[in-house]
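For reference, the structure discussed in these notes is given below.
As the structure lists them, so they are numbered: ligands from 1, and atoms in each ligand from 1.
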Amino acid sequence: MKEDTHRALGQIVAQLKAHLRYQKGLGINTLLSQRKTSAPLTLEATRSAIGACTRCRLHEGRQNLVFGEGNPHAMLVFVGEAPGREEDLQGRPFVGQAGALLTRIIEAIDLTREEVYIANIVKCRPPQNRNPQPDEIRTCLPFLRKQLEAIRPTIICALGTFAAQTLLETEERISLLRGKFYAYQGAQLMPTYHPAFLLRNPQFKRDVWADMKMIREEYKKG
Ligand code: SF4
């Protein structure tokens, strides 16, 4: 009986060793690290994982890393492209003129900035506000994904061509993407025009208002 138990234990240990060797081959070093990668991080843990990030060249010209702000349990998350000059200086998203317009848009659907969450595709300002490069997005986007996993919003509003195309992995124009919801990480994603674009092209405010009304209806469903 004792021998049988010993033999069974030996087999379990051998199987466990083989499993660990297999995981090591995949680049998974310990059972603990496997558990860490599958559990969603909190916003605080994500911020602390980013640290004083130098993972891509955008860190070179930044004054402040712009992580994002708002309600950690927001039902609605706005995602823009990248911090601009004011955001870089203050370390907060959407605080310039475009930010003031975004605040008015949020209030127009009977919400406040404190009730929603606001973030960007990349967290450091690109030089001269150029578009972020593909390798910069590849490096930074996982952090936004972690934020969305932590918040678990029911609605995401992608602001502008760049955010919409990046999140939906498409090259379709924003004028064709906007006005409808898309499934994204368990949420409903609505692309719409960027507030900075609206400042230059106020004739598109009507379209944004139509998109916001759809968001408001979806929001009311809870
Ligand atoms: S843009 Fe993102 S990946 Fe690049 S340095 Fe800033 S935080 Fe790091």
Side-chain angles (χ1 to χ4, degrees), residues 27-29 33 36-74 76-99 101-103 113-114 116-153 156-171 174 177 184-187 189 191-197:
I28 300 167
N29 288 325
S33 70
K36 270 185 186 165
T37 52
S38 57
L41 294 179
T42 61
L43 284 177
E44 295 76 26
T46 304
R47 178 63 192 92
S48 119
I50 296 175
C53 188
T54 56
R55 292 172 180 85
C56 86
R57 68 183 78 79
L58 291 183
H59 81 277
E60 291 165 8
R62 76 163 177 242
Q63 301 295 314
N64 286 291
L65 188 152
V66 182
F67 178 66
E69 67 180 23
N71 178 358
H73 309 292
L76 171 58
V77 173
F78 288 88
V79 178
E81 174 179 328
R85 194 171 66 91
E86 270 308 308
E87 289 77 16
D88 179 51
L89 289 173
Q90 294 189 37
R92 297 180 55 212
F94 283 91
V95 287
Q97 269 192 306
L101 179 53
L102 177 62
T103 304
R113 274 180 77 111
E114 291 71 34
V116 303
Y117 196 89
I118 306 173
N120 284 302
I121 297 284
V122 296
K123 312 213 170 296
C124 302
R125 183 193 181 200
Q128 285 82 48
N129 290 349
R130 66 155 168 77
N131 284 343
Q133 304 291 304
D135 62 321
E136 296 159 356
I137 297 163
R138 259 198 316 278
T139 311
C140 204
L141 192 58
F143 297 127
L144 175 67
R145 292 224 172 93
K146 291 279 172 213
Q147 286 171 287
L148 293 173
E149 279 170 27
I151 300 168
R152 301 181 64 196
I156 298 168
C157 181
L159 296 166
T161 303
F162 191 83
Q165 289 182 343
T166 302
L167 293 178
L168 294 175
E169 298 180 359
T170 175
E171 294 185 348
I174 184 74
L177 290 173
Y184 183 82
Q185 283 195 14
L189 187 148
T192 197
Y193 294 114
H194 194 285
F197 173 81

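Taking the side chain as every heavy atom from C-beta outward, Pro195 and Phe94 approach each other to under 4.5 Å. Two residues are said to be in side-chain contact when any heavy atoms from C-beta on lie closer than 4.5 Å; Asn131 and Glu81 meet this criterion.
At least one donor-acceptor pair closer than 3.5 Å links the side chain of Gln147 to the backbone N or O of Phe67. Looking only at distances, no side-chain donor or acceptor of Asp88 sits under 3.5 Å from a matching main-chain atom of Pro83. Between the side chain of Asn71 and the backbone N or O of His73, at least one donor-acceptor pair lies under 3.5 Å.
Inclusion of Cys56 in the first shell of atom 4 (Fe) of ligand 1 is supported: an N, O or S atom falls under 2.8 Å.
In summary, the atoms of ligand 1 found under 4.0 Å from a heavy atom of His59, numbered by their order in the structure, are 5 (S). Atom numbering of ligand 1 starts at 1 in the shown order; those under 4.0 Å from a heavy atom of Thr139 are 3 (S).
For atom 2 (Fe) of ligand 1, the closest heavy atom belonging to the protein is Cys140 SG, 2.3 Å. Scanning the protein heavy atoms around atom 8 (Fe) of ligand 1, the nearest turns out to be Cys53 SG, 2.3 Å. For atom 6 (Fe) of ligand 1, the closest non-hydrogen atom on the protein side is Cys124 SG, 2.3 Å.
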